[in-house]
Engineer: 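One structure follows; several queries about it will come next.
Letters A, B, ... mirror the listed sequences (proteins, then strands); counts begin at 1.
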Amino acid sequence: MAKQFKRTLITTALPYANGPVHIGHLAGVYVPADIYARYLRLKGEEVLMIGGSDEHGVPITIKARNEGITPQEVVDRYHTIIKRSFEEFGISFDIYSRTTSAIHHKTASGFFKTLYDKGEFITKTSEQYYDEEAKQFLADRYITGKCPHCGNERAYGDQCESCGTSLSPLDLIQPHSTISGSIPVMKETTHWYLPLDKHEAWLRKWILEEHKEWKPNVYGQCKSWLDMGLQPRAVSRDLDWGVPVPLDDAKGKVLYVWFDAPIGYISNTIELLPDTWETWWKDPETKLVHFIGKDNIVFHCIVFPSMLKAEGSYILPENVPANEFLNLEGDKISTSRNWAVWLHEYLEEFPGKQDVLRYVLTANAPETKDNDFTWKDFQARNNNELVAIFGNFVNRALVLTQKYFDGKVPAQGIFNDYDQQTIAEFVAVKVEMERLLDNYRFRDALKEAMNLARIGNKYLADMEPWKLAKTDMERVSTIMNLSLQITANLAIAFEPFLPFTAEKLRDMIGLNLWEWNALGSFALLPEGHVLGEPALLFEKIEDDVVERQVQKLLDTRKANEAAAYKAPPVKEKVAFEDFMKMDIRVGTVLDCQRVPKADKLLQFRIADGLEERTILSGIAQYYPDPKALIGMQVCFMANFEPKKLRGIMSEGMILSAEDADGKLVIIQPSAKVTNGVEVK
RNA sequence: GGCGAUUUAGCUCAGCUGGUUAGAGCGCAUGAUUCAUAAUCAUGAGGUCCGGGGUUCAAGUCCCCGAGUCGCUACCA
């Protein structure tokens, strides 16, 4: 814990280049990482902040296919938007690159080769779907078919977007390839796996014993994984978009994104510092810190460290300050549902207000639990805190100086006890801010910075220079000098959080010196120094502005609801004989109960006119009271291949209609019929 | 279902290894003040610390049972 480091390497989760960046990304990763980087730089420490776009993986290829463009064009588009909006927002990356770069391909495949040569991988052969027409294995997302759960015809091999359940390609009914449309066949394929189980022992010691200071959620989740026992993880996939596996017998195989992406941190460092990058990744005196969201904990605490350890020459992260999630107006942020505040849109609609958003996201950061971003809160924090406390104090100090001293820093004179006490408070706040920042508690650190402005306001209120001006200009001189020194201190204290404002303030008062250690000094502005024209640091945000934003969101929600359901296109024509192959019948529910230890499954006992049969159906969440279904007549597929689920043999499928919102409703005959009759 | 985290004033959050009347910011109320973007400063009112048991001289803080929320994971014919 008390370990001293010479330099700090900060990595930020690589945003996936299939969409722009939104406030959730910012609050969770980039704003805190940027605060940390700026703070350390201000202290004069050696720091590197690495970022980049994650540009491989199946969803990007699908997006490309849907839009009729190449994957490269997709990632070019979003990489450009993301990179530009980060820059404009003041995220101070030393480099923001991408995983499609040549350097990354070289680095990642080299990394793989090293592990391969060291014998760190095992291979496993399994059967996967293969498209004979396109002559390639099909990634989960390349297979569509009917969702066994909700009947959606366009479910993907990994997930049904209609009902949200995750699937395996083998689950799909009537699977077909999205590439050629042909029906895929099962074929053997071999992949390399990283045997995480082999790394369990040292991981246990390293995390559970040596990093007890990690955040509770991070530590707890790692412990949970380690206690469950680690499994080998495939590092390659059959796909043509990505970093090719650098082996002769690996045609058509690329590195799995999870293996590929974190190496991007390394590649981007190499791109930036081709000669000295190893100092940053291999010297034990470098402190490596990963900023991520909570969904990424296991990758960064267990998987990536295992990769680094297997390679052998790399250091391990010192901390992984994962944040929780940010919600928006009470709802989960969602790219696909377009429920988000997009950074590039914010920058356009609120020009010059980068710091307002940075402030709100930090003051309300999801550091310990999920938080909610609301426009009302955005407005309140701007008007009541930035304008009223920080902006107002600076304005008071500058306007008073203008009025009484012609805009020149007046003589300091002699500090009295109250002055000294005020100065002492500043020094105390500085110490506290350091403690908080060093422990990744940015929300509280920002609060302390605001306290400095509060101290300033109180100082002016207590000293009342506007009254003394009538009797004791010498004292007023000291008061205003001190107030200006406070202002200069604010420019330093706020730099990590509100860099644009800090710069504006520095320019305004002509402060050249700015380093963290100057914080707490009251000799930052010399007597006689001429100040610039006072300008407002922040402006009020009126009701109609935030109302418009809320309206925009509501419109989005409405549009989403309207667009939520599109009747799927009619499927391929089938012959009557094919239809007749399906044996759909009516039966009566004799019994119905939940399957233990399964969230979604209901177990039906059906009177089918012959004997009885058991059918499982994944509709438990829509029928909270299974007993109520007893006695009801249902339609079911009678000649399905029986299948064991959760240890119970299911002999058929209950037919349900899936509503627009994904809700399943059981189909039943409109009048009572005899059990076992056919439906046609 | 399993595992992890979380649940404290209207809102957002602090409360380390259990110890006098549970804290902060915002909002609210009252007062003071006018240099300032009606901003500021002071004072105050707000809490069966998710619910139920238990350990202890003493529990928001430890143990057990349960509920809500989020994440990971299993299941989805």
Side-chain angles (χ1 to χ4, degrees), chain A residues 146-151 160 163-168 171-173 215-225 227-228 293-299 322 324-325 327 332 363-372 374 376-377 380-381 383-389 391-404 441 443-444 446-447 450-451 454 456-467 469 476 480 483 534 536-540 594-602 615-621 636-637 640-647 650-655 664:
Chain A
K146 183 167 168 172
C147 172
H149 175 204
C150 66
C160 171
C163 61
T165 47
S166 45
L167 304 169
S168 135
D171 298 332
L172 291 175
I173 302 161
K215 293 173 94 167
N217 194 15
V218 175
Y219 186 89
Q221 203 174 128
C222 290
K223 183 171 181 337
S224 157
W225 269 65
D227 287 347
M228 280 188 308
K294 68 172 160 181
D295 53 336
N296 252 324
I297 289 171
V298 172
F299 282 122
E324 306 286 307
F325 284 168
N327 292 323
K332 225 188 268 198
N364 192 26
E367 286 179 8
T368 45
K369 63 176 183 191
D370 292 1
N371 264 342
D372 196 23
T374 65
K376 200 167 156 268
D377 180 62
R381 287 192 185 276
N383 293 356
N384 304 332
E385 298 176 29
L386 289 177
V387 173
I389 297 170
N392 183 41
F393 168 73
V394 170
N395 191 234
R396 299 171 83 182
L398 295 182
V399 168
L400 283 169
T401 305
Q402 198 68 252
K403 189 165 171 182
Y404 297 131
R441 294 177 59 175
R443 188 177 54 199
D444 291 340
L446 177 59
K447 211 181 202 174
M450 273 318 262
N451 272 340
R454 286 199 175 86
N457 274 321
K458 184 167 162 49
Y459 180 74
L460 281 181
D462 290 348
M463 296 300 104
E464 299 183 308
W466 49 90
K467 278 189 184 163
V476 174
M480 290 323 299
S483 299
L536 297 178
L537 289 180
F538 304 99
E539 57 186 20
K540 286 202 140 209
R594 297 195 61 137
V595 175
K597 301 190 179 196
D599 281 353
K600 300 185 178 176
L601 286 180
L602 284 185
I615 299 181
L616 297 185
S617 185
I619 55 173
Q621 57 190 118
F636 64 95
M637 244 323 249
F640 247 175
E641 201 71 47
K643 158 106 179 176
K644 212 176 219 180
L645 297 167
R646 278 271 158 206
S650 178
E651 307 158 300
M653 177 166 134
I654 308 247
L655 301 189
L664 292 175

Engineer: Taking only side-chain N and O atoms of A:Lys540, does any of them lie within less than 4.0 angstrom of OP1 or OP2 on B:A39?
Structural biologist: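 Yes.
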Engineer: Kindly say whether A:Glu367 contributes a backbone atom to a donor-acceptor pair with the side chain of A:Lys215 at under 3.5 angstrom?
Structural biologist: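 Yes; judged by distance alone, with no hydrogens or angles, the pair exists.
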Engineer: Over all strands shown, is A:Leu601 touching base, sugar-phosphate only, or nothing at heavy-atom distances under 4.0 angstrom?
Structural biologist: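 The answer is sugar-phosphate, as A:Leu601 gets under 4.0 Å only of primed atoms, P, OP1 or OP2.
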Engineer: Heavy atoms only, 4.0 Å cut-off, all strands: where does A:Ala380 land among base, sugar-phosphate and nothing?
Structural biologist: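 A:Ala380: no heavy atom of the nucleic acid under 4.0 Å.
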Engineer: Checking all strands, does A:Leu386 fall into the base, sugar-phosphate, or nothing category for heavy-atom contacts under 4.0 angstrom?
Structural biologist: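 The answer is nothing, as A:Leu386 stays clear of every strand by at least 4.0 Å.
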Engineer: Looking only at the side chain of A:Asn392 (C-beta and beyond, no hydrogens), which of the listed nucleotides B:C35, B:U6, B:A36 gets closest?
Structural biologist: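 Minimum distance to the A:Asn392 side chain belongs to B:A36.
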Engineer: I'd like the P distance from B:A29 over to B:C16, given in whole Å.
Structural biologist: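 After rounding to an integer number of Å, I get 34 Å for this pair.
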Engineer: Using a cut-off of 4.0 Å on non-hydrogen atoms, how would the nucleic acid contact of A:Asn384 be classed: base, sugar-phosphate, or nothing?
Structural biologist: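 Sugar-phosphate, no base atom in range.
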Engineer: Find out whether the Lys NZ or Arg CZ of A:Lys332 is both under 6.0 angstrom from the six-membered ring centre of A:Phe325 and within 45° of the ring's axis.
Structural biologist: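 No cation-pi geometry.
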Engineer: Could you please name the option among B:A36, B:G4, B:A77 that lies closest to any side-chain atom of A:Ser650?
Structural biologist: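 The listed nucleotide nearest to A:Ser650's side chain is B:A77.
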Engineer: I'd like the C1' distance from B:C65 over to B:G10, given in whole Å.
Structural biologist: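 Here B:G10 and B:C65 have their C1' atoms 32 Å from each other.
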Engineer: Quick one: which of B:G15, B:U40, B:C72 gets closest to the side chain of A:Asp295?
Structural biologist: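 Between B:G15, B:U40, B:C72, the one nearest the side chain of A:Asp295 would be B:C72.
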Engineer: In whole Å, what separates the C1' atom of B:U7 from that of B:U48?
Structural biologist: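 Going atom to atom, C1' in each nucleotide, I get 16 Å.
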Engineer: Should B:G46 be called syn or anti, with syn set as within 90° of 0?
Structural biologist: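 Because its glycosidic torsion lies within 90° of 0, B:G46 adopts the syn conformation.
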Engineer: Taking B:A67 as the reference, what is the distance to B:G51 when you measure between their P atoms (whole Å, please)?
Structural biologist: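 Roughly 15 Å separates the two P atoms.
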Engineer: Phosphate oxygens OP1/OP2 of B:U12: is one of them under 4.0 Å from a side-chain N or O of A:Lys376?
Structural biologist: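 No, outside the criterion.
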Engineer: Rounded to whole angstroms, how far apart are CH2 on A:Trp466 and C1' on B:C41?
Structural biologist: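 Between C1' of B:C41 and CH2 of A:Trp466: 9 Å.
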Engineer: Among the nucleotides B:C26, B:U40, B:A5, which one has an atom lying closest to any side-chain atom of A:Arg454?
Structural biologist: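 Selected nucleotide: B:C26.
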Engineer: Evaluate side-chain contact (heavy atoms from CB on, under 4.5 Å) for A:Lys294 paired with A:Asp370, printing each intermediate quantity in order.
Structural biologist: CA-CA 10 Å; A:Lys294 68 172 160 181; A:Asp370 292 1; 3.0 Å; yes
Engineer: From the list B:U7, B:C72, B:C35, which nucleotide is the closest neighbour of the side chain of A:Trp225?
Structural biologist: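 Out of B:U7, B:C72, B:C35, the nucleotide with an atom closest to A:Trp225's side chain is B:C72.
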Engineer: A:Arg443 or A:Phe325: which one's nearest nucleotide on RNA chain B is closer to the 5' end?
Structural biologist: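 Between the two, 5'-proximity favours A:Arg443.
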Engineer: How would you label the contact of A:Glu385 with the nucleic acid (heavy atoms, under 4.0 Å): base, sugar-phosphate, or nothing?
Structural biologist: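 Sugar-phosphate contact only - A:Glu385 comes under 4.0 Å of backbone atoms but never of a base.
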Engineer: Determine the interatomic distance between C1' on B:U12 and the same-named atom on B:G47; round to the nearest Å.
Structural biologist: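 Between the two C1' atoms, the distance is 15 Å.
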Engineer: Establish, with yes or no, whether the OP1 or OP2 oxygen of B:A14 is under 4.0 angstrom from a side-chain nitrogen or oxygen of A:Thr368.
Structural biologist: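 So the side-chain polar atoms of A:Thr368 do come within 4.0 Å of the phosphate oxygens OP1 or OP2 of B:A14, strictly under.
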Engineer: For the side chain of A:Ile389, counting heavy atoms from C-beta on, which of B:C26, B:C35, B:C41 is nearest?
Structural biologist: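 Looking only at heavy atoms from C-beta outward on A:Ile389, the closest nucleotide is B:C26.
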Engineer: On a whole-Å scale, what distance lies between the P atoms belonging to B:U61 and B:U43?
Structural biologist: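 Straight-line distance between the two P atoms is 31 Å.
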Engineer: Please work out if A:Lys332 contacts a base, only the sugar-phosphate, or nothing of the nucleic acid, heavy-atom cut-off 4.0 Å.
Structural biologist: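 If one applies the 4.0 Å heavy-atom cut-off, A:Lys332 turns out to touch the sugar-phosphate alone, with no base involved.
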Engineer: What is the nucleic acid contact for A:Gly293, judged by heavy atoms within less than 4.0 Å: base, sugar-phosphate only, or nothing?
Structural biologist: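 Contact class for A:Gly293: none.
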Engineer: Starting from the 5' end of RNA chain B, give me the residue, A:Pro366 or A:Asn451, whose nearest nucleotide shows up first.
Structural biologist: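 It is A:Pro366, whose closest nucleotide lies nearer the 5' terminus.
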Engineer: Base, sugar-phosphate, or nothing for A:Lys458, non-hydrogen atoms under 4.0 angstrom?
Structural biologist: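 Sugar-phosphate: the residue A:Lys458, judged by heavy atoms under 4.0 Å, touches backbone atoms but no base.
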Engineer: Out of B:C26, B:U6, B:U37, which nucleotide sits closest to the side chain of A:Pro216?
Structural biologist: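 It is B:U6.
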Engineer: If you check the A:Arg396 side chain, which of B:A39, B:C41, B:U40 turns out closest?
Structural biologist: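 Selected nucleotide (nearest to the side chain): B:U40.
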Engineer: Regarding A:Ile297, tell me which of base, sugar-phosphate or nothing describes its non-hydrogen contacts under 4.0 Å with the strands shown.
Structural biologist: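 The answer is nothing, as A:Ile297 stays clear of every strand by at least 4.0 Å.
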Engineer: Between A:Glu324 and A:Lys369, does at least one N-O distance fall below 4.0 Å, as a salt bridge requires?
Structural biologist: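 Answer for the salt bridge query: no.
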